[in-house]
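Computed from a predicted structure; not experimentally measured. All chains are named by letter (A, B, ...) in the order of the sequence lines, taking the proteins before the strands, and each is independently numbered beginning at 1.
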Amino acid sequence: MARIEVNHLKYRYPHTENLALDGVSFQIEPGEFIGIIGKNGSGKSTLCQAFTGLIPNFYRGAYGGNVKIGEINVRDVEVDELCQKVGIVFQNPFNQITGSKLTVYDEIAFGLENLGLSRKEMIRRIDDALEQLDITRFRDRNPFDLSGGQMQRMAIASIIAMNPEIIILDEPTSQLDPQGSEEVFKAVQRLSQKGITIIMVEHKMEKIAAYSDRVMLLDEGKMIDFDTPQKIFSRDDLLEHGVLPPAFTRIGRGLDRKNAATGEYPVTLKEAKEALEGMAV
Amino acid sequence: MKSISLYEEKNSTLNHLDSGCKMLYMVAAILVPALIGNKWANVAVIILSVFLLAISKVLRKTVPVLSVSGIVILTIVIIQGMFRAGNTTVVLQLGPAAFYKEGLLYSLGIALNVFNILLAICVLIFTTKPSDMVENFIEKGFSPRLGYVFISIFQIIPQMMETMNTITDAQRSRGMETEGSLLVRIKAFLPLISPVVMSSLVDTKERAIALEVRGFNAKTKKTFLNERKVTTTDKIINLLLIAAVLASVAWRVKLWLG
Ligand SMILES: Nc1ncnc2c1ncn2[C@@H]1O[C@H](COP(=O)(O)OP(=O)(O)O)[C@@H](O)[C@H]1O
Ligand SMILES: [Mg+2]
């Protein structure tokens, strides 16, 4: 399994003045669940696309430093070579539908056809991906006739079928209703439990706090911090970076209840309960 | 979300026929009568196409196509029937309007040709899954990019229309007049163009990236989930169609030489 290593990554989009990423360095271990947070325009999407080689190979622009997936320097390989190692799912499920397939089953096959897999292997992988995302019952539906949550799960299944070791999700639920979001979060959690490295950009801080092993805070293209959710959400300057911590953390902070052992505020319901239990008379 | 699909799975004999076979039928149905150059050949092929459409349960889908072209043909018949140069024999007198035999026969020829071509195309389009056709071309070395554009356009145009509707609704809820006289409509339409174009451009870019990360531009030779099965029946039909084309070429050559 591949480790991700980012060294002094700097990037500027073509025809722009400011750096979208400004000297970012970190490592991610195989199987980790990473949450990326930060206000709009802080560089989250840019970083996501840097993992897949879309930056700089698709967008061009000025690039410095490097991103390594295992031994591979993403800059040196084609996007379609890397897509078998690193998959990416975007915000808008609609725009991820190829539009050239009439059923969910065929839609998932699209990427596999491009890789030139045998028919037998395709069927095995598609059946497996449908199962994992819990959409087997929609296999013969037209991709455009699915609900947002189902569509997004189909998009994830299409990526999963390509067998990546790392999956990037860039605000996968921001255009979905609460039920659709929940379906997607559940599916992502299952993938994480199977050992796939997950990197997710998300505005629902409660979800980030509950699922992430570590959380990365970005602001103006710089990495402000990269640590456990408890450490990140206990920071005093979060609001200055445009991030509102989870409700549980705000309650803990408001009541000044920290975890006695670590000195950190609670980030999940469970932790909040524990922190507050001492208060009951 | 509705896609404009001309094809419908009806589990008919023609649905199961190889797409190559039906493409060949379309070509032969257009070429053979043209080569033979006889109205009866046209009539025979039209009857054959209608029969094929009927057994495929898609005859009704030809009604809109035929009625639109029917109106155009009718105009041609009227104009040619009344005013074609060389009109001499009156066959029908409606008040002041006289219809001539020569013009009517000439326009009948046009009508038969047009209907024949349309029906032949309908046989192919209404019974063949677009992706089967395109995959067939790609296997023969046709560009997958062009193939993709061809298939996806049928799904993506309705999506753009949807965007248009959403934006119209948004503008209307902000108090913009979108109904009424032509001028009002044009005024309402202009400010719509830029958001629609912009959002389509963004969508197109996002879709291009989504295709990219699914290996669309991979240099590996593509494979296809849906196996293309060319059965003995397909092969026999192909041979018969080719024989028919060759025979009519021979006939034409004989006419020229003789
Ligand atoms: N395609 C692009 N071309 C030019 N500038 C861009 C493009 N995409 C993003 N940017 C700029 O790069 C910066 C980071 O954007 P982005 O990574 O999309 O932020 P986030 O996902 O955190 O909202 C912003 O200043 C944004 O305006
Ligand atoms: Mg973003």
Side-chain angles (χ1 to χ4, degrees), chain A residues 49 51-55 57-59 78-84 86-103 105-123 125-126 140 142-146 151 155 158-159 161-162 164 168 170, chain B residues 1-9 128-135 138-139 144-160 162-163 166 199-229:
Chain A
Q49 305 199 60
F51 290 123
T52 64
L54 284 166
I55 284 177
N57 291 336
F58 183 88
Y59 285 90
E78 302 277 341
V79 172
D80 49 68
E81 206 172 311
L82 200 59
C83 70
Q84 298 175 62
V86 187
I88 182 162
V89 175
F90 299 95
Q91 195 170 8
N92 185 338
F94 228 82
N95 289 345
Q96 294 172 79
I97 299 181
T98 61
S100 69
K101 301 291 185 182
L102 293 178
T103 66
Y105 204 86
D106 287 5
E107 173 72 23
I108 298 175
F110 182 86
L112 310 182
E113 294 180 327
N114 291 333
L115 299 180
L117 296 185
S118 73
R119 193 177 133 75
K120 209 173 136 216
E121 177 68 8
M122 279 196 235
I123 293 175
R125 290 207 198 172
I126 300 170
D140 296 322
N142 184 313
F144 285 107
D145 291 338
L146 298 176
M151 230 184 241
S158 308
I159 296 300
M162 299 176 78
I168 323 276
D170 189 359
Chain B
M1 181 70 204
K2 278 203 79 70
S3 58
I4 323 172
S5 189
L6 298 171
Y7 163 76
E8 236 175 276
E9 181 68 60
T128 313
K129 207 156 111 184
S131 59
D132 283 354
M133 235 184 300
V134 171
E135 284 172 11
I138 294 173
E139 270 179 356
R145 281 161 175 273
L146 275 177
Y148 171 79
V149 170
F150 181 81
I151 311 185
S152 60
I153 212 143
F154 290 105
Q155 302 227 37
I156 290 168
I157 287 175
Q159 189 193 320
M160 279 178 70
E162 199 104 324
T163 314
T166 315
S199 89
S200 305
L201 281 181
V202 171
D203 287 354
T204 308
K205 196 188 112 209
E206 284 186 11
R207 187 164 274 116
I209 292 174
L211 293 179
E212 186 80 9
V213 298
R214 284 169 76 188
F216 185 55
N217 290 317
K219 277 152 216 81
T220 334
K221 187 163 166 41
K222 290 187 200 309
T223 48
F224 297 104
L225 175 66
N226 297 310
E227 243 172 340
R228 191 166 161 239
K229 289 191 287 284

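- For B:Asn226, the side-chain hydrogen bond (donor to acceptor under 3.5 Å, both in side chains) partners at least two apart in sequence or on another chain are A:Asp106.
- For the pair B:Tyr7 and B:Asp132, the minimum side-chain heavy-atom distance is 4.5 Å or more.
- For A:Gln96, the parts lying under 4.5 angstrom from a heavy atom of chain B are both the backbone and the side chain.
- Annotation: side-chain hydrogen bond (donor to acceptor under 3.5 Å, both in side chains) contacts of A:Thr52 (sequence neighbours excluded): none.
- Interface residue A:Leu112: only backbone heavy atoms are found under 4.5 Å from chain B.
- In terms of heavy-atom pairs under 4.5 angstrom with chain B, the leader among A:Phe90, A:Phe110, A:Tyr105 is A:Phe110.
- Of the residues considered (A:Val79, A:Val86, A:Val89, A:Asp80), A:Asp80 shows the highest number of contacts with chain B, using heavy-atom pairs under 4.5 Å.
- Heavy atoms closer than 4.5 Å to chain A are found nowhere in B:Glu9, neither backbone nor side chain.
- Closest of all the heavy-atom pairs between B:Ile209 and A:Tyr59 is CD1-OH, 3.1 Å.
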| request: Check step by step if side-chain contact (heavy atoms from CB on, under 4.5 Å) holds for B:Arg214 and A:Glu107. | output: CA-CA 11 Å; B:Arg214 284 169 76 188; A:Glu107 173 72 23; 3.1 Å; yes
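- Between chain A and the options B:Asn217, B:Thr220, B:Val213, heavy-atom pairs under 4.5 Å are most frequent for B:Val213.
- By the 4.0 Å N-to-carboxylate-O rule, A:Lys101 lies close enough to B:Glu135 to be salt-bridged with it.
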| Under the side-chain contact (heavy atoms from CB on, under 4.5 Å) criterion, do B:Arg207 and A:Asn95 qualify, and how do the steps go? | CA-CA 5 Å; B:Arg207 187 164 274 116; A:Asn95 289 345; 4.2 Å; yes
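- Proximity to chain B (any heavy atom under 4.5 Å) is shown, for A:Ile168, by neither the backbone nor the side chain.
- Heavy-atom pairs under 4.5 Å with chain B peak, among A:Ile159, A:Ile126, A:Leu117, A:Ile123, at A:Leu117.
- When heavy atoms are compared at a cutoff of 4.5 Å, A:Phe58 approaches chain B solely by way of its side chain, counted from C-beta outward.
- Looking at A:Gln84, there are no atoms closer than 4.5 Å to chain B (heavy atoms on both sides), in backbone or side chain.
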